[in-house]
Each structure stands twice: as C-alpha cells, then as structure tokens.
Amino acid sequence: MNLETDNKQPHRIDIHHHILPPAYLSTLEILKINTLRRDSFPNWSIEQSIKMMDRQKIAKAFTSISSPGVYFKNGSFSRNLARICNEYSSILVRKYPERFGAFASLPLPDVEGALIELDYVIDELQLDGIVLLSNVNGKYLGEPEYEELFAELNKRKLTVFIHPNNPPKKSVNPFVEYTHEVTRTIASLLIDNRLLKYPDIKYILAYAGGTIPFSTNRLYAVGLNIKWSLLKVLTDMMKKTVAIKRMYFDTAAIDSYSLQALLKTVNSKQILFGSNFFWTPESMIEEQLNSLRSHSKINNKAMEAIEYKLAQKMLST
Amino acid sequence: MIKSEAKKWKDIHIIDMHHHTIPPFYRSALEKSGVKIAAGLAIPEWSPEIAIKVLNKNKISLAMTSILPGVYFPNSPDIVRKCNEYAAELKNRFPTRFGAFASLPMLDSEKALNELDFVLDELQLDGVALVSNFDGKYLGDQQFEEVIAELNRRKITVFVHPSEPLDPDIPEEFCWAIDSALDTTRAVMSLLYSGYLERYSNVNFILSHVGGIVPYLAKRIALGQLEESNKMKFDLGMFDYLPNFQKVNNGIELLKKLYYDTLAPARNAAYKTVLDLVDHTHLVLATDYVWLPKNFLPLKIAEVKRYFDNESLRAIFQDNPLRLFPHLREVLGV
C-alpha cells in the first residue's frame, strides 16, 4: 500500500495491459489452447480491467492481445481473428475513451494480411499503435519478408509494442526464458540492419526489454563482420547503442537487480509503466514501482514521467 | 627465448580464470568433425609461446586454462584425457604461469569419476571445468549427482562455461551471441533446483560471463522464495527437464555463494547488477583469450580496472583466486 497513491485520483498510464475478447477466448478453446505454459486463461471482463485500474490508480490502459497472439492458420482464419480482436479493442476505446487505448494485432507471418490490417486499424479504427510478438512459428521480426511491413510502420511513424511469444520449441524453463524472447527478436532486427534502417518507429519493449539490459555487448555483436576495421566495428556498435537508448522499456518484471542493469542501459526517461495485467499479480505492481522509487537515479519528477507523463506525450492521450 | 617470469601489476598478481587453450590435436579434432564456429570466427591459433607473451604484455601472472571438450565432444573420454594431459604438460613446463581446469567425460559417471581421480591425484590439475549441458543434460541432472558429490568431497572449484547453443529451432544467425548466456543460466537453475547447490556446498562454482544472465534474473530464478500472496500461478513443475526438482526457499542466498567472472555481457550494467547480488569478494578476472583476440585484452582488463576501486581489484585479480586455489600462494610466492 502506498499512502501517497491512495489519495490520488487515477493518474497512471498502463501500456502493458492485456485483454481477452470473448471471441478470442472461444477461438482458443476451439483450438484446444487452454493454458499459456501452465497457467489457465482467467475469466477476463471489461469490468475486471476497470476495477483493477481503479484499484491501481490507472487512468488509462493501452490494451493488447498477449501470447499466443492471433495467428494459428494461414489465410482468412487468422486475418479474421486479428480483425475481431482489433474491432473489439476499438469498441472498448470508443466506449471508454478516457480509460482505454489500444495496440492492434497483426496476423504475421501473413505479411499481406498484416499490411491490410495495418491500414485498417490505423486509418479506419485509429488505434494507437501495433503490438508485435517476438516470433510466430519460429519467425522472428527480422524475417526478410517482413521488410515491407517495417517500411510501412516507419513511414507511418508508429508506436510498436514488442511482446514475447512462446519460444519456437518448448523451452527449457519457460518462465525464466520468456522475457529473453524480446532480446532474440531485437537481435533479429540487427542482422540486416533493419533496426537502424527504420528510425521513425517508436519501440516499446515489454518486460523492461527482456534480458537486453544484461546482454548489450552480446547484442551489438550481432550483424558484425569480423573482417571490418576496428573503426567500423566501433561505429557500428555506437549506432546500435544509440538505437537501443532511443527505445522505451516498460516496468513489468522489474526488480531491484534488473533495474540496476536497466538504468545503466537507458535513461529513466525511457521507462514506461506497464502492469502486465492480467498475468502479473497486482501486488507486484507496487513492488516494481517501489524498486524504481527507491533508486537513487529516480526522483519524483522522473517517477511522474514513468507513471504517466511520458506515455501521455508519446501516445497523445 | 620466452620471458617466462611474470611482472606484477602494482604489487598485485593478476590471475586470469578464463583462458582457453587450443592444443594442436584438439584443433585437428575440431576441424575433422566439421565444427563451424559461429559468426564466421575461425578457430584461433594458440601456442604457449604466444600466450606467455600475451600474459607478459598484460601483466598477468598466471592464467587458469580450460579447453572444454564437452562442447563438441561430450561422448569422447579419450579426447577428454588428451586435453587433461596437455593441460598438465603445460603446467609442468610453466608452473608459475599456467594453472588448469580439468575436463570430465560427464556422460559416463564411472569414467568421469576415474578421470577425476586421475586429474587430481596423478596430474595434479587445479580444478574442473564443466560446460552448462552435456548433450542436453544440464548440470543438475540426476545422472551427474555422483560426480558432483565427489567434487564436493574433494572440495573442488568448478568453472561453469556455456556450451554452444544446441537448439535447432532457435535461429543461430542472430541468437548465437545472446543464447549462450541463457545456457549458463539454465545450468545454474538446474544446480539450484536439483538441490545440489545446497547439498554440495563445498564445491565452489565460478560462473563465466558474469553468470550468463543469473544476476539479472536472480529474483525470477529464485521465485520459490516468494511469499504465498505474491506467488505467481506457476506450479513448481515448471522445470520439465528436471525430474529431481525440489522446492528451494533460499535461492538468492545460494546464488550469492557463487563466483562470477568479469567477462561482461553488458558494459557496466553487468557489473552494477552483480555487485548487488555479491560483492567484490566473489568476482574473478576473465579475459577469454584466445577466443578474444590478443589485441582486445588490454581493453578488457582496462574496463575492469576502470570500474572497480583498488580494494576490489586486489580481490578480483589476486585474493579471490588465491582463496579458491590456496596452493597458488606457494606457486606465486605470495
């Protein structure tokens, strides 16, 4: 409990907030997907989100569909599922414009379907950005066929929320390894320079960037050519460092250890509050925010930026 | 004529715990089995003469060497034996410059126990290097308990190094650099949740690459410690690969007992994080020569010197290694 927060009106902006549209949940049931790793999907409802938001002083939540995402079969099945989910999010936004924004889902690896859906969700539904899962069926975001999509995301200067999906095979320890998926997908964007080629995309990385803050040296080695001169190597690493420093990292899964690495990697101005509702228990939210509050680099002003001011600016809310 | 006497740095002996040798027979074995090193790296040249020059240039008194046949030859006790004999020969030629972590053919417990006796009693090597997994079996595997129990009985220092990422479904092209840290982390988790860290506490584990991702993920790894109210809805069966999994309530405490080498996967961020978990008394120097080309060694060592204060450096370079290998005092004349 935080007495300061108790007396405040809902003010936080939550950029990592999951929903389960009924049609989506039914689809998962039909596909016999009842659990994510070992957890059953909860009985989510709009009321549950709003109640949680009131409890946690969240003024506005930007929703997204979490793993396993919307792609299960090629063709119209997944395109329709994406459309259903995005329409649902849109209804939520229209019904409660002060309380909800939304990141739209795309049916990757169906690139054509993704481009069609992108146009629709931005031009027609006017949603706030796109959520991209780290991989679908083993294809990470650096996939060559996704070039066109990234060009379009860049052209439209969109906000892209990067969220893990289950690793391609049953991983050795899913709980610990899940957030590492963010690192893998960013690594995939370094192979053909895609990350640097499209600098107008604003990336929000879920789970504080996964394991990126502890892996930057290794990450920057991706795409390096051993035959380059030392100067070229250092220049390349500098560009990658700058690109990472311009990304945004959410607070879900932050703890006192990971925060040390995060604040050595980026400025606190790049941090955004994210609850990972409905997966992370609410009790951990305060713990995560307390880690931030008690860090020497974070003062009240910085905390305000993290809790809502930065998101306000970014997502023009 | 090699100048084989070491120069100290200030009045401290710099001891490097992470130095890979590549004996000629091993290089041939790698080439013969078509091992392709990731990222277009060629198998580097290594020789005692050049290595000593590199040590001298960087004022490294002594390097603890390792070869790690477990990565590419997990089923070859013969290659393991040859690696250990080579290491012993190197030590005998240059006793004040090289120590050695022995390798063990872990997939055959009987052979591994015999090899352990041999390397300690006959060859008198200093410790044991184990890769994170042998053919997909992580170090906490039931199969390895006998060997770990013996390492415990003998109070051995064990250097844990990642194996090459073996997962064919994870694209090597961009994951080679970032996934090996995950493998070290998996090995540590398996050691924790098998109960081995608790039960076999006379083994001193040194984790390479600042523990992979262990310091960063420490709280997540030690999740068993969370109070009931905070416990996420993950049942303890999350470790599918560890049938001998047991509940652990003191995970962080056990992770704090481990040693972490300074080969940082992230500049400064790694040091900052690991110092939250342990202090300078549990860090040791790593250069990763010869996989790290010799031109980069001064940079690597300078990074460590720049980050840590003198008291910490004395511990990292000298006192911590001497605590782990007390006999080195005599060797180095400390």
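A note on names: the letters A, B, ... follow the listed sequences, proteins ahead of strands, and every chain is numbered from 1.
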If one checks every heavy atom of Ala270(B) against chain A at 4.5 Å, the contacting part turns out to be both
In terms of heavy-atom contacts, does CG of Asn267(A) have more than 12 from other residues, nucleotides or ligands at under 6.0 Å?
yes
State, without any angle test, whether Arg218(A) and Ser180(B) hold a side-chain donor-acceptor pair at a distance under 3.5 Å.
yes
Under 4.5 Å from a heavy atom of chain B, the part of Leu230(A) involved:
side chain
Flag if over 12 foreign heavy atoms under 6.0 Å of NZ, Lys269(A):
no
Heavy atoms only: give me the nearest Ala269(B)-Ala261(A) pair and the separation to one decimal.
CB-O, 3.7 Å
Look at the side chain of Asp169(B) and the backbone N and O of Gly138(A), then say whether any donor-acceptor pair between them is shorter than 3.5 Å.
no
Side-chain touch Leu190(A)/Phe174(B), heavy atoms, less than 4.5 angstrom
no
Can you check whether Asp179(B) reaches Arg184(A) side chain to side chain, under 4.5 Å on heavy atoms?
yes
Looking at every non-hydrogen atom in both residues, tell me the closest pair between Asp255(A) and Arg220(B) and how far apart they are.
OD2-N, 4.5 Å
With only heavy atoms counted, which part of Leu219(A) is less than 4.5 Å from chain B, the side chain, the backbone, both or neither?
both
Where do Ala264(B) and Asn217(A) come nearest, in terms of heavy atoms and distance?
O-ND2, 3.0 Å
Please state whether the side chain, the backbone, both or neither of Leu182(B) comes within less than 4.5 Å of a heavy atom of chain A.
side chain
Once you round to the nearest 0.5 Å, how far does NE2 of His209(B) lie from OG of Ser215(A)?
12.0 Å
Would you say that Ser258(A) contacts Leu217(B) through its side chain, given a criterion of any heavy-atom pair below 4.5 Å between the two side chains?
no
Say you draw a straight line from CD1 of Ile170(B) to CD of Glu177(A); how long is it, rounded to the nearest 0.5 Å?
8.5 Å
Would you say NZ of Lys305(B) has more than 12 non-hydrogen atoms from neighbouring residues, nucleotides or ligands within 6.0 angstrom?
yes
Run the ring-centre check on Tyr257(A) versus Tyr216(B) and record whether the distance is less than 6.0 Å.
no
Would you say Lys264(A) and Arg267(B) make side-chain contact, with heavy atoms under 4.5 Å?
no
Out of curiosity, Ile213(B) CD1 to Thr211(A) OG1, how far, rounded to the nearest 0.5 Å?
4.5 Å
Check the surroundings of atom CG in Asp276(B): do more than 12 heavy atoms from other residues, nucleotides or ligands lie under 6.0 Å from it?
yes
Distance (rounded to the nearest 0.5 Å) between Lys272(B) NZ and Leu262(A) CG:
12.5 Å
Atom NZ of Lys256(B): over 12 foreign heavy atoms under 6.0 Å
yes
